[in-house]
Protein chains: 2
Amino acid sequence: MRADAKRNYDRIVEVAREVFREQGYDASLDEVAKRAGVGPGTLYRHFPQRENLLDAIMQSWVDRVTEAADKALAHEGPDRELLLDWFQEYVALISQHKGGPAKITSAMGDPDSPIITKCQVLAEANQRVIDRLRQGGALREDIETLQVCRLVGGIATVADQGDLDAPAVRPMLEVVADGLLR
Amino acid sequence: MRADAKRNYDRIVEVAREVFREQGYDASLDEVAKRAGVGPGTLYRHFPQRENLLDAIMQSWVDRVTEAADKALAHEGPDRELLLDWFQEYVALISQHKGGPAKITSAMGDPDSPIITKCQVLAEANQRVIDRLRQGGALREDIETLQVCRLVGGIATVADQGDLDAPAVRPMLEVVADGLLR
DNA sequence: GACGATACGGAGATAGTCTCCGTTTAGCAA
DNA sequence: TTGCTAAACGGAGACTATCTCCGTATCGTC
C-alpha cells in the first residue's frame, strides 16, 4: 500500500469512528469523506460497503471483547452474577454507536457479512463464558450459544432503539439469565 | 372527507399493504404512490410521515391482536404453554412485514409515535395475558409488562433481521418464558 | 528525472424524500 | 343547470445520500 493511500485510509477510519459516535451508524459517508479531507471516490475505493468501514473501526474493539470475557471468567462468585456481568459487558460492547446492536447481531448469522470476523470474536468470547457455566452444569443444554448472542443482542437492539439506559436493561437481562440457568 | 379523497386514501392504504409485504417496511413511498395511481403530493398530504401510513395499514390488525389474546386466555393447560403460545402469536403479529418488529417495539416506548394507539392495543393484550398469570402467582413480580413486550419484541427483531423461522425462534422464547415463570 | 503503476477527487448518475403551487374537481346553493 | 368555492390533486423540482467513472496527480523505483 502506497504511503499516501495508507495515510488516507487511517484518517478515514479515525474520522468515521468520531462521526459514527456522534451521529450513529447511519451517518452520511460523504460527510465522513468531507471531514477526512478526501473525495467520496477515495472513501468508496477503500471501503466499497459501509460495513467494510465498520469492520475497520472495530479493529481495536476486538481486544476489548476478549478482555471483557477474561474479566468475566475471572469472576469469583455465583454463576448468576457471572452471567449477568458478562451480559452487561456484552450489551455495552455492541452498543458503542447507535444502530450497532442491530447490525452486529444480524451479521452474526450471515457468513458473507464484511464484519463477520469481528462477530466471530464476540461469539467466541461468549462461547467461553457459556462453556464455563455448562461445565459446572449450571446451564440448560437445549440452547445454542448463537441463540444466546441473539437473545442478548435483541435486548441491546431494543434498548438502542428505545434509548434505554443500563438500569432499564438490567431486568431484561435477569430474565434471560434466569431462563438459561437451571 | 370528500369522496375522491377517501377513494385515494383507501387505494393508497391497500397498495401500501401490498408493497410493504413485498419489499418490507423500507419500500419507496413514491413507488406506492405510483402504483396507487396518485402523485406523491397526494400520498404525503394524507400521510405526512411514513408511520402514519403504517398506522392506517394496521387498522385491521388490531382485531387480530385482541383475538389472539382471547385465544391465549382461553387456553386450558400449563402456564408455560399458555405463555409460549401467546409469545409465538405476538411474534407472528408484529412480524407481518420486514422491519415491522423493530418499528413496533421501539414505538412502544415513544408517546409521540404515530402508531402509538396500535402499540397500546398490543400492550394491553399482553397485559391481559400477563395479569392472568400473575393472578395465578405463576409469574415473577419484579418485571414490568412493557419490559416483557421489549423482550419478545427483541427476539422478533433479531429473527426478522436474520431471517429466522418459527422453529429457530422457539427456543429463545422458551428461555424468556422460563425466566419469567417461577 | 522520467516513467508506469497506483491513488486521488469531484462531477454527475441514480434514487429516495418531501414540498410548493398552479390546476382540477367535488359538492353545494341558487 | 349552472356557477362558485373550498378541497384535493399531481408533478416538477429542491434536497440529500449513495456510489461510479475517469481525467489528473502523486508515489516510488529504475
Side-chain angles (χ1 to χ4, degrees), chain A residues 1-57 97-100 102-103 106-107 112-115 161, chain B residues 1-57 97-100 102-103 106-107 112-115 161:
Chain A
M1 194 183 225
R2 239 169 65 175
D4 55 345
K6 171 150 179 49
R7 208 159 45 231
N8 279 327
Y9 182 101
D10 291 344
R11 177 135 185 71
I12 290 168
V13 172
E14 187 188 339
V15 167
R17 188 173 286 129
E18 190 182 298
V19 173
F20 283 1
R21 186 145 38 221
E22 279 173 25
Q23 306 179 20
Y25 178 71
D26 288 332
S28 158
L29 294 188
D30 277 24
E31 158 84 15
V32 172
K34 196 177 292 178
R35 272 214 228 176
V38 302
T42 299
L43 189 151
Y44 285 98
R45 196 170 344 93
H46 285 305
F47 310 100
Q49 293 173 240
R50 178 180 288 269
E51 295 201 344
N52 295 124
L53 184 50
L54 189 61
D55 185 69
I57 286 179
H97 18 79
K98 201 148 182 59
K103 217 66 209 172
S106 71
D112 298 330
S113 167
I115 60 168
Q161 285 164 354
Chain B
M1 194 185 229
R2 238 168 66 172
D4 56 342
K6 171 151 179 46
R7 208 160 43 231
N8 279 327
Y9 182 101
D10 290 344
R11 177 135 184 70
I12 290 168
V13 172
E14 187 189 339
V15 166
R17 188 173 286 128
E18 190 182 299
V19 173
F20 282 2
R21 186 144 39 219
E22 279 173 26
Q23 307 180 19
Y25 178 70
D26 289 332
S28 158
L29 294 189
D30 277 25
E31 159 83 14
V32 172
K34 196 177 294 178
R35 272 213 227 177
V38 303
T42 301
L43 188 150
Y44 284 98
R45 195 168 347 90
H46 285 304
F47 310 101
Q49 292 174 241
R50 178 181 289 268
E51 295 202 344
N52 295 123
L53 184 50
L54 188 61
D55 185 69
I57 285 179
H97 17 79
K98 201 149 182 58
K103 217 67 211 171
S106 71
D112 298 329
S113 167
I115 60 169
Q161 285 164 354

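Just so you know, these numbers come straight off a predicted model, no measurement behind them. Each chain gets a letter, A, B and so on, in the order the sequences are listed, and its residues count up from 1.
Residue B:Gln49 contributes atom CD, which lies 15 Å from atom C1' of C:dT19 at whole-angstrom precision. To the nearest angstrom, C1' of C:dG16 lies 19 Å from CZ of B:Phe47. Atom CZ in A:Arg7 sits about 13 Å away from atom C1' in D:dG28, given to the nearest Å. The distance between atom OH of B:Tyr44 and atom P of D:dC15, rounded to the nearest whole Å, is 17 Å. In this structure, A:Asn52 places its CG atom 15 Å from C1' of D:dT18, rounding to the nearest Å. Rounding to whole angstrom units, NZ of residue A:Lys34 and P of D:dT16 are separated by 10 Å.
Counting only distance, with no hydrogens or angles, the side chain of B:Asn52 and the backbone of B:Gln49 share a donor-acceptor pair below 3.5 Å.
In summary, A:Asp30 and A:Lys34 do not engage in a salt bridge, as defined by a charged side-chain N under 4.0 Å from a carboxylate O.
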Distances under 3.5 Å only, N/O to N/O: pair up the protein atoms with those of nucleotides 7-13 of chain D.
| unit_1 | atom_1 | unit_2 | atom_2 | d |
| --- | --- | --- | --- | --- |
| D:dA7 | N3 | B:Arg2 | NH1 | 2.8 |
| D:dC9 | OP1 | B:Asn8 | ND2 | 2.6 |
| D:dC9 | OP2 | B:Arg45 | NH1 | 2.3 |
| D:dC9 | OP2 | B:His46 | NE2 | 3.4 |
| D:dG10 | OP2 | B:Thr42 | OG1 | 3.3 |

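Among the atoms of the strands shown, none is found under 4.0 Å from any heavy atom of A:Leu43.
B:His46 is listed as a side-chain neighbour of B:Ile12, based on a closest heavy-atom distance under 4.5 Å. Side chains of A:Glu51 and A:Asp55 form no contact here, defined as non-hydrogen atoms less than 4.5 Å apart. Side-chain contact between A:Arg50 and A:Leu54 is absent, with no heavy-atom pair separated by less than 4.5 Å.
Aromatic ring pairs are classed by plane angle as parallel below 30°, tilted from 30° to 60° and perpendicular above 60°; the pair B:His97 and B:Phe20 is perpendicular.
Not one side-chain nitrogen or oxygen of A:Ser28 sits closer than 4.0 Å to the OP1 or OP2 atom of D:dT16.
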